[in-house]
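Numbering of ligands and ligand atoms starts at 1, following listing order. Not measured: the values here are computed from a predicted model. Heads up: numbering here begins at 1 and tracks the sequence.
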Amino acid sequence: MRVLVLGAGLLGVTSAYYLQQLGHEVTVIDRHATPAAKARGLAASGLSPDAARLLQQSAAARPAQTGWKALRHRLRRRLGGWLDLAFGTSSRFHPLEHLVRLGAYSRASARALRDEVGVSGGARNAGVLSFYTDADAFEGRLARQPRWDALGCEERLLSAEDALALEPALRGAREALAGAAHALDDPSRDPAQFAAGLVFLCRAAGVRFLSRHQVLSLHERAGRIDHVRALDAHGRPVKLQAQAYVLALGASSVAHAEQLGIAMPLRFVREHILTLPIKDPARAPRMALRDWQGRLRIRRVETPAGDFLRVSTTVHAKPRATSEPDPDCFEAMLRRIETMLPGAVDTSRAGFETTLHAVSKSGLPIIGKTRLRNLFLNTAPGARGWINACGAGKSIARIVSGLRPELEFAFRGS
Ligand SMILES: Cc1cc2nc3c(=O)[nH]c(=O)nc-3n(C[C@H](O)[C@H](O)[C@H](O)COP(=O)(O)OP(=O)(O)OC[C@H]3O[C@@H](n4cnc5c(N)ncnc54)[C@H](O)[C@@H]3O)c2cc1C
C-alpha cells in the first residue's frame, strides 16, 4: 500500500520505519530540511509560532465566525467531532497504567532495533533516578509497584541510603530523601543519536522523504482522505495522493484534524527550562534525575563548551498562554537546586527559557484510527515522546496495515 506520513518528527519517522518494514511504500513529508530535526537538536523544541496560533484558534480562543459558510463549517466540525469521539477509545486501564505499558513496549521495541540493526540510544546509560522527599508519596509508590511490575515497569525501588550510594550528588537531600526509583534504560539520554540512526535506516529501507514541503490541507471524499495539498521546496503547489495517511505533524496536527471534524482534545503546558553551568563536576549528578516533590527534571548535558545541568519543570497553561518566562517559578527552581545539589552549579550564570507544548487532555498520546477510513493519527506524545516513539510507531504501522497492535493500549478507534 502507498502510505503518506505527514510530519517527519520522531513519531513520523518511527511510523515510517515500521510501515516500511511491513511492506508498504512510504513517503514522509515535512517542511523542515532535515527529518527528526527537533529530536536531533536542529530545530527549536516547543510549539512553532504558527502551531501555537492554530492551537489557540482551535481552543477556546477561536475567533467568532459569521456567515453561512462559517456555520456549515462549524456544524460539520461538531458533527464530525461527535462521530469521532463516539468512534473513540475503550479502556480498562488507568491512564498512568497505559503509559507504563506503552513505555515497556517501546523499550522492548527500541532494544530490538538496537540489537537487530544497531540503532543506538546513546552510549552512556546511567539511567534515571526518580527521587521522593515526601514519605507518604514514596509509600504510595511502594504500594503501586506490584501492579506496575505486572504491567512491565522496569524501575527498581531504592531506600534513601541505596539511592545516595547510587547517586552521591544527592547528599544535599540526605535529610529529606524518602526513597527513589531507578530505571536503567533511558532512551531519552540521546534522542539525537537515536533519531539520526532511524532516519538512516528509513532511507536505507527505501522510505522517501519530501523535505521543505509545507502541508496546506487534507481533502476528504466519501469517508476517506482523497488527497493532500502542499507547497513543494520551491513554493509550488502540489497534490499528493496515497492509499493511507498518517497524521504526525506534532501540534500542527490539531488544526488539520479539526478542519476534518476529527476531535483532538489538547491543552497547553509551559515548560520552564534552566541551564546551569557545572561548577564542581564531583557534586553534579551523573544520572538523569526526576525530583517528584520539586517537580523538576534534571539532566547533565555535555557540550564542547563545557558541561551544564538542564533543569525543567512543566506547568499548566491557559489557552491564550504565551511562552513568557515566569521569574517566580525560576526562583523556586534555583532554590530547590541549591538545596538538593549544593555547590554543583554556578547559579549566577543561569540561563532561562520557557517553551509551550501541547499535550492531550487525557495525558495519553493520540494513536489510532479516525472516522475517515484511511486517515490515522500518531501525535501528542507528551514529554515522554522520545521514550514512547518506537511503541507508538510500531503500533500505528500495524493499525494502518489492518493488524492487531501487539500492545493493549487506549488506541483511538479500538
Ligand atoms: C513538557 C514537554 C517537554 C518536551 N521537550 C521536548 C524537547 O526538549 N525536545 C523535543 O524534541 N521535543 C520535546 N517535547 C515534545 C516531545 O517529546 C515530542 O514527543 C517529540 O519531539 C516528537 O514529537 P512529534 O513527532 O509528534 O512532533 P514534532 O517533533 O513536533 O514533529 C512534527 C513535524 O511536523 C512538521 N510539520 C508541522 N507542521 C507542518 C506542515 N504544515 N507541513 C509540513 N511539516 C509540518 C514539523 O516540521 C516537525 O518535523 C516535549 C514535550 C513536552 C510535553
Contact check: L11 vs ligand 1, nitrogen or oxygen atoms, below 3.5 angstrom: yes

V215 and ligand 1 - part of the residue with a heavy-atom distance under 4.0 Å: both

Side-chain donor or acceptor of Q243 paired with backbone N/O of R2 under 3.5 Å: yes

D226 side chain to H219 backbone, donor-acceptor under 3.5 Å: no

Where ligand 1 meets P381 - atom numbers and elements under 4.0 angstrom, heavy-atom basis: 18 (C), 19 (O), 23 (O), 26 (O)

Pair T133, R336: side-chain N/O donor-acceptor within cut-off below 3.5 Å: yes

Pick from R299, H357, H32, R31: the one approaching atom 50 (C) of ligand 1 most closely through a non-hydrogen atom: H357

G382 heavy atom under 4.0 Å from ligand 1: yes

H213: numbered ligand 1 atoms lying under 4.0 Å from its heavy atoms: 42 (N), 43 (C)

Expected output: side-chain R101 to main-chain F409 donor-acceptor under 3.5 Å: no

Test of proximity, D30 against ligand 1: N or O pairs below 3.5 Å: yes

Side-chain donor/acceptor of S401 to backbone N/O of L403, under 3.5 Å: no

Nitrogen or oxygen of R297 less than 3.5 angstrom from that of ligand 1: no

Interfacing atoms of ligand 1 (cut-off 4.0 Å, heavy-atom, V359): 53 (C)

Atom indices of ligand 1, in the order listed, that fall short of 4.0 Å to a heavy atom of S252: 37 (C), 38 (N)

Under-4.0 Å heavy-atom contact with ligand 1, by part of A248 that carries it: backbone

H213 side-chain N/O to S211 backbone N/O, donor-acceptor pair under 3.5 Å: yes

From OG1 (T314) to CD (E271), nearest 0.5 Å: 5.0 Å

Residue E271 vicinity, atoms of ligand 1 by number, heavy atom under 4.0 Å: 3 (C), 4 (C), 5 (N)

Flag for Q259-S217: side-chain donor and acceptor within less than 3.5 Å: no

For R310, the ligand 1 atoms whose distance to one of its heavy atoms is below 4.0 Å: 8 (O)

Short side-chain to backbone donor-acceptor contact, T313 and R295, under 3.5 Å: yes

Per-atom contacts of ligand 1 with G7, taking only distances under 4.0 Å to non-hydrogen atoms: 34 (O)

